[in-house]
Number of protein chains: 2
Amino acid sequence: MNGLDATAPEEARRDRKRRRTRDALIDAALELFEAKGYEHTAVHEITDAVDVAERTFFRYFASKEDVALHFVRREIDDFTTALAARPQQECAGVAVRRAFRTSLERLLADSYEINGEPRSLVVVRLIDSTPALLAASLRYTHENSDQAVRVLADREGVDPETDRRPWLLITIYAAVLVLVHREWRVVGRADTDELVGVFDAYADEIGPTVSGDWSTTPQATKRSEAHGLHGAARASRDPDPPTR
Amino acid sequence: MNGLDATAPEEARRDRKRRRTRDALIDAALELFEAKGYEHTAVHEITDAVDVAERTFFRYFASKEDVALHFVRREIDDFTTALAARPQQECAGVAVRRAFRTSLERLLADSYEINGEPRSLVVVRLIDSTPALLAASLRYTHENSDQAVRVLADREGVDPETDRRPWLLITIYAAVLVLVHREWRVVGRADTDELVGVFDAYADEIGPTVSGDWSTTPQATKRSEAHGLHGAARASRDPDPPTR
DNA sequence: TGCATTTAGTCATACTCTGTCATTATACTG
DNA sequence: CAGTATAATGACAGAGTATGACTAAATGCA
């Protein structure tokens, strides 16, 4: 774009300053949210704590939700990165499962604390217990699954427009992650082994069907030949017997 | 609560009036949303169309989102009802699958039209294309899965506090429904056969693993002896080999 | 008819978020 | 060093959603 000679260090300095402001806003916001609750914290209270104008907050974050979703975003980005980095020989199901586990582990590895509690736990609890944040986080996950689906489809050499399997696989594991967060909140600790265990328990439950190797086996089709899944819609079509 | 003798007709009349106002607000809202988009429709425009005060709107609906989510709520309630009505001898997976299909069919059966298009399609498209509504609808689904889980767990005689299978099953099918809505929007029609076919295709893909018959297996839960669930759980806890 | 309860309307207000313009800090140029 | 461009911030105004408090009217009941 531009020369990285003389101007670069200065730009870096400005970046650092921006980052400081940004981090300060995040920290102040989380502490206030934790102390008073998300809904009962006004944006001007956050900006007062950092001593910037309220308008500045909205220059750093698109919304009040946005600042709390910072970590959700990171977790999802981590997942996509991890998925792209899985070795090619792994079949889709295993790669997705391992990538999700990696992102969960990375989230748990965050060692910062807020009021003596791991920040990850504080954030998960905050999101889970605040309707507006829960909604925003589910939406964010949903919207970004497209990207993960593309990565997965690329990797497996299938077309996400016509093949439903990548959508299903990503969606299922995203849902599992929500369930893990739920249990995490109940557990009330950020014990990596324990929570990865919970994740594995769910993943084991899903079993081999969805996780099968797409490239070779017509796995999805235990009861017919159609593996293209478009055709797979057909035969199953079990007529719904009357409810009673 | 009270006598249903003399007062009943009056109460009924008041109820009808309330319902008329409410329905008028919903209709006006959907038409405006469809015409100008959700975000570009102000609440006072809706209330102007029905000729009530803006404040009145918020007496009928908790929020602007709420009025658009009316149909999502109905779909979810339909599901829970349908699940409770499934015959006992069906195994969990089949019952859940059929109940979801029933609620989908019922949604599709809505024959009202808005601007010559089926209302169900209009609403699905509206929700899917409006971030705020998408978020709210995902949240609503999430929050109400608790109830469905309880119904399912009751039915199967398992404890939802310790058994993860009902959570997983409900969550997976809820996610599938979102995927169906997605394709529905792409299809651009409200063709029952076609969309039920899409649902079945996803459901077939999930296969028997999660849908297994629980009645024979003891409640799994503690991963100590992760026996059960279909033996698929086998050698869980696979150590994650290095990414590269 | 008189009294209580419920429902709707009015007014006031808090909060989120956006647009705009002035002000300051910082970087580059001669 | 002065002068200028650019980016960041502040200050202010305003729209829109949502809530609380109070008032007026309708309704149910004595």
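Whole-Å rounding puts the A/Leu25 CG to D/dG10 C1' distance at 14 Å. Between the CZ atom of B/Arg22 and the C1' atom of C/dA8 there is a distance of 16 Å, rounded to whole Å. Between the C1' atom of C/dC17 and the NE2 atom of A/His44 lies a distance of 14 Å, rounded to the nearest Å. The interatomic distance linking B/Glu39 (CD) with D/dG16 (P) rounds to 13 Å, in whole Å. The distance between atom CZ of A/Phe58 and atom P of D/dA15, rounded to the nearest whole Å, is 18 Å. Summarising the geometry, the separation between CZ on A/Arg20 and P on D/dA8 is reported as 14 Å, rounded to the nearest angstrom. Atom CZ of B/Phe57 is separated from atom P of C/dT7 by 19 Å (rounded to the nearest Å). With rounding to whole Å, A/Arg16 atom CZ is found 15 Å from D/dA8 atom P.
Under 4.0 Å is where a charged nitrogen must lie from a carboxylate oxygen, and between A/Glu45 and A/Lys36 at least one such pair does. Using a 4.0 Å cut-off between a side-chain N of Lys or Arg and a carboxylate O of Asp or Glu, B/Arg182 and B/Asp128 do not qualify as a salt bridge. Ion pairing between a basic and an acidic side chain is recognised when a charged N comes within 4.0 Å of a carboxylate O; A/Arg189 and A/Glu194 show such pairing. Salt bridge present: A/Arg125 and A/Glu117 bring a charged side-chain N and a carboxylate O closer than 4.0 Å.
Of the listed nucleotides (C/dT18, D/dG20, D/dT17), D/dT17 has the atom at the smallest distance from the side chain of B/Glu54. Checked against D/dG10, C/dG9, D/dG20, the side chain of A/Val52 finds its nearest nucleotide in D/dG10. Of the candidates C/dC11, D/dG16, C/dT18, the closest approach to any side-chain atom of B/Arg55 belongs to C/dC11.
Remark: the backbone N or O of A/Phe58 is not paired with any side-chain donor or acceptor of A/Lys64 at under 3.5 angstrom. At distances below 3.5 Å, at least one donor-acceptor pair connects side-chain atoms of A/Arg155 with backbone N or O atoms of A/Arg86. A distance-only check finds no donor-acceptor pair linking the side chain of B/Tyr112 to the backbone of B/Ser120 [under 3.5 Å].
Near-neighbour residues of DNA chain C inside residues 27-37 of chain A, defined by a heavy atom below 4.0 Å, are absent. At a non-hydrogen distance threshold of 4.0 Å, A/Arg59, A/Tyr60 from residues 59-67 of chain A come into contact with DNA chain D.
Side-chain contact check for B/Arg164 versus A/Leu179: every heavy-atom pair is 4.5 Å or farther apart.
Within 4.0 Å (heavy atoms only), A/Thr41 reaches sugar-phosphate atoms of the nucleic acid but no base atom.
For A/Thr56 and D/dT9, the shortest distance from a side-chain N or O to OP1 or OP2 is not below 4.0 Å.
Between B/Ser137 and B/Leu69, the shortest heavy-atom distance links the atoms N-CD2, 3.9 Å.
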